[in-house]
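Structure first, then comments.
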Amino acid sequence: MNFWFNGCKPCVEELDDLNTLNQQVKEQGGEVIGINTETLDGNPQGIETAKQLLAATGADYRNICFDSGSEADSFALGIMAFPTTYVFDRSGKVVGEPLLGGIDKEENLAALQKNIDAALAKDAAN
């Protein structure tokens, strides 16, 4: 789950990389989901801008929005750096440490893949 916002240059720069990652993760039985924090409560302007950015980068993986005051909003309010990516297992538990920063850096992508592999191994064991 990748948290981003429209005005975050590193967030926007990694959208196409996240799209590629989503294709790989889908083959492993998972999915990348984006959450743009400027789309709370269905903010029409934030959603339109996010759609334009996603289209411009060719990113077609699922992006969702949620209501302020929800559990997801409370979770997002705790994020202090963008982009931030979390890996969740099928039971909804966070796997490993969140990735702060983009996956354009080799070490960040490797750390994220390690968390993905751990989540997949946990799922396989259950």
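Quick note: residue numbers are just sequence positions, from 1.
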Discussion item. According to side chain to side chain donor-acceptor pair (under 3.5 Å), does anything in residues 63-79 pair up with another residue at least two apart or in another chain? List the pairs.
Written reply: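 Matches after skipping sequence neighbours: Trp4-Asn63, Asp41-Ser68.
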
Linking I/L/V/M/F/W/Y whenever any side-chain heavy atoms sit under 4.5 Å apart, do [X] and [Y] land together?
| X | Y | answer |
| --- | --- | --- |
| Leu99 | Leu120 | yes |
| Leu53 | Leu40 | no |
| Ile35 | Val95 | no |
| Val32 | Phe3 | no |
| Leu54 | Ile103 | yes |

If you look at every heavy atom in [X] and [Y], which pair is closest and at what distance?
| X | Y | result |
| --- | --- | --- |
| Gly58 | Asn19 | O-ND2, 3.3 Å |
| Val12 | Asn6 | CG2-O, 3.6 Å |
| Lys122 | Ser91 | NZ-OG, 4.4 Å |
| Gly102 | Asn108 | O-ND2, 2.7 Å |

For residues 112-119, dump all side-chain donor-acceptor pairs below 3.5 Å to protein atoms at least two apart in sequence or in another chain.
unit_1	atom_1	unit_2	atom_2	d
Gln113	NE2	Asp117	OD1	2.8
Asn115	ND2	Glu97	O	3.0

Kindly list each side-chain donor-acceptor pair under 3.5 angstrom involving residues 76-88, sequence neighbours excluded, with atom names and distances?
unit_1	atom_1	unit_2	atom_2	d
Thr84	OG1	Ala81	O	2.4
Thr85	OG1	Asn2	ND2	2.8

Item to complete: Return yes when atom CD of Glu107 has more than 12 non-hydrogen atoms of other residues, nucleotides or ligands closer than 6.0 Å, and no otherwise.
Response: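 Atom CD in Glu107 is packed in, count exceeds 12.
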
Practice prompt. Please lay out, stage by stage, how Gln52 and Glu48 fare under the test side-chain hydrogen bond (donor to acceptor under 3.5 Å, both in side chains).
Written response: CA-CA 6 Å; Gln52 291 170 3; Glu48 185 56 35; 3.3 Å; yes

Practice prompt. With sequence neighbours excluded, tell me which residues meet ring pair (Phe, Tyr, Trp, His ring centres under 6.0 Å) with Phe66.
Written response: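 By the ring pair (Phe, Tyr, Trp, His ring centres under 6.0 Å) rule, Phe66 matches no residue at all.
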
What's the separation between atom [atom1] in [X] and atom [atom2] in [Y], rounded to the nearest 0.5 Å?
| X | Y | atom1 | atom2 | answer |
| --- | --- | --- | --- | --- |
| Gln24 | Gln28 | CD | CD | 7.5 Å |
| Gln45 | Glu38 | CD | CD | 9.0 Å |
| Leu109 | Asp104 | CG | CG | 9.5 Å |

Discussion item. Checking the side chain of Thr20 only, and the main-chain atoms of Asp16 only, is there a donor and an acceptor separated by less than 3.5 Å?
Written reply: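 Side chain of Thr20 to backbone of Asp16: a pair is present.
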
Worksheet entry | Qualifying disulfide bond (SG atoms under 2.5 Å apart) pairs, either residue in residues 10-54, two or more places apart |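 Pairs touching residues 10-54 that pass the test: Cys8-Cys11.
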
Item to complete: With sequence neighbours excluded, tell me which residues meet side-chain contact (heavy atoms from CB on, under 4.5 Å) with Glu31.
Response: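 side-chain contact (heavy atoms from CB on, under 4.5 Å) check on Glu31 returns Asn22, Lys26, Ile33, Arg62.
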
